[in-house]
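Handing you this structure, nothing more for now.
Just so we're on the same page: letters track the sequence lines, and every chain starts at 1.
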There are 2 protein chains.
Amino acid sequence: MTPKLKTATRNTQQRQVIKECIRKLSHPTADDVWHCVTDKLPNVNKTTIYRNLSRMVEDGALKRFMTENGVMLFDSTPERHYHLHCERCGRVFDVEPTLSDQIAEIVQREKQFLITGQKLILSGICAACQASAPAGNKKATTQT
Amino acid sequence: MTPKLKTATRNTQQRQVIKECIRKLSHPTADDVWHCVTDKLPNVNKTTIYRNLSRMVEDGALKRFMTENGVMLFDSTPERHYHLHCERCGRVFDVEPTLSDQIAEIVQREKQFLITGQKLILSGICAACQASAPAGNKKATTQT
DNA sequence: CTTTTTGCAAACCCTTTGCAAGACA
DNA sequence: TGTCTTGCAAAGGGTTTGCAAAAAG
């Protein structure tokens, strides 16, 4: 296979704002990023968001994963950590690396399965939702 | 909210064959089920497959989850267990309930997060693929 | 006969692609 | 300038919906 030499990268306005948004959002959908970006740069197309996010994933600057409803979320936290996805309120919580490691270790030891970081999502009901009565369902955005 | 009274259920030919296929396949996609069904009943529409699978999920006869590529898989194993999804060969492996319980326990203890069964999928590279060289990518079907 | 199901076609949603025009370096 | 990026429109792929015709009980 051809070595795939890397091409130059340009610092467009769009790209800059996208990066800012990535920094301030946590576990955003492409759509979340788009809303954030258009606050500052009103005419950015969603395609541009997708292309930039994909590029960042390729470059390893971002990770991405799929929720149970088939929407992808992006994550810029570099260390390996897992996610808890609350099915009631839609929020995504991080599991600290230490705890993640315990889990990864169990699986790797028992199943000889190599877990590639940041791809574990546990779905269920978060502590807050367990406490409160059956609540309304928010958007899938964060909270760590 | 209205109590939602349940309506009668009919035992169509299609439904019977779909159930058979569910029994013999493990972690199938809707498309897998469709292929299996049309072997026996050539003219079944994919919509019928979807509708029946969704219904079974509602009735609790089936669980379903999403892979990283946004395709849903169905699972008829009743006890709680988790899945290992190999990113290289696409196969899905079960994690026995005992091991799953260890993991669930850690998360529940440390994060007060209530895991609702069968929604944990660990992505990575399976033992076989680690052993062999970078292989071709099969379809996401099973192996336990 | 009445009500559930089916098949078909079209709608949906999110994500990706093709291409010409525009922006960076 | 040269080529990386963008915007727009259209294509894709899996899943869902609307509706009239067919089947189950």
* Asked: For the pair made of CG in L53(B) and C1' in dT16(D), what is the distance, rounded to whole Å?
  ->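 So the CG-C1' distance, L53(B) to dT16(D), works out to 13 Å.
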
B/S/- along nucleotides 18-25 of chain C (protein heavy atoms under 4.0 Å) is BB---BBS

Practice problem: Hey, could you give me each pair passing side-chain hydrogen bond (donor to acceptor under 3.5 Å, both in side chains) that has a residue in residues 97-110 of chain A? Not counting sequence neighbours. | Solution: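 Sorted result for residues 97-110 of chain A: R80(A)-D101(A).
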
Here the distance between atom P of dG13(D) and atom CD of E68(B), to the nearest Å, is 20 Å

query = Going by atom types only, do H35(B) and D39(B) share a side-chain donor-acceptor pair under 3.5 Å?
reply =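 On atom types as modelled, these side chains do not qualify, holding no pair under 3.5 Å.
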
Distance alone, cut at 3.5 Å: any donor-acceptor contact between the side chains of N45(B) and T47(B)? yes

- prompt: Between R55(A) and dT5(D), is there a side-chain N or O to OP1/OP2 distance below 4.0 Å?
  reply: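 R55(A) to dT5(D) OP1/OP2: side-chain N or O found under 4.0 Å.
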
dT6(C), OP1 or OP2 - any side-chain N/O from N52(B) closer than 4.0 Å? yes

Ring centres of H83(B) and F65(B) under 6.0 Å apart?
yes

Could you check whether any side-chain heavy atom of L99(B) comes within less than 4.5 Å of a side-chain heavy atom of H81(B), counting everything from C-beta outward?
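A side-chain contact under 4.5 Å is absent here.
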
Between CD1 of I49(A) and P of dC14(C) the distance, given in whole Å, is 15 Å

Exam field: side chain R15(B) to backbone R10(B), donor-acceptor pair closer than 3.5 Å:
yes

### Task
Rounded off to whole Å, could you give me the NZ-to-C1' distance for the K46(B) and dA10(C) pair?
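Whole-Å distance recorded here is 16 Å.
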
Rounded to whole Å, CG of N45(B) lies from P of dA21(D) at a distance of 17 Å

Ignoring backbone atoms, establish whether N69(B) has a side-chain N or O less than 4.0 Å from OP1 or OP2 of dG13(D).
no

For T77(B), check side-chain hydrogen bond (donor to acceptor under 3.5 Å, both in side chains) against everything at least two apart and list the hits.
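T77(B): side-chain hydrogen bond (donor to acceptor under 3.5 Å, both in side chains) contacts with D75(B).
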
Between CE of M72(B) and P of dC13(C) the distance, given in whole Å, is 15 Å

Residue set satisfying side-chain hydrogen bond (donor to acceptor under 3.5 Å, both in side chains) with R55(B), at least two apart, ordered chain then number -> T9(B)

note: R64(B), atom CZ; dG14(D), atom P; distance rounded to Å ~ 15 Å

**OP:** Please report, rounded to the nearest Å, how far the C1' atom of dT6(C) is from the CZ atom of R15(B).
**Re:**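 In whole Å, dT6(C) C1' and R15(B) CZ are 10 Å from each other.
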
Within residues 34-44 of chain A, the residues having a heavy atom closer than 4.0 Å to DNA chain C are none

Margin query: Taking side-chain hydrogen bond (donor to acceptor under 3.5 Å, both in side chains) as the definition, give me every residue that meets it alongside E20(A), ordered by chain and number, with sequence neighbours left out.
Written below: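 By the side-chain hydrogen bond (donor to acceptor under 3.5 Å, both in side chains) rule, E20(A) matches K40(A).
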
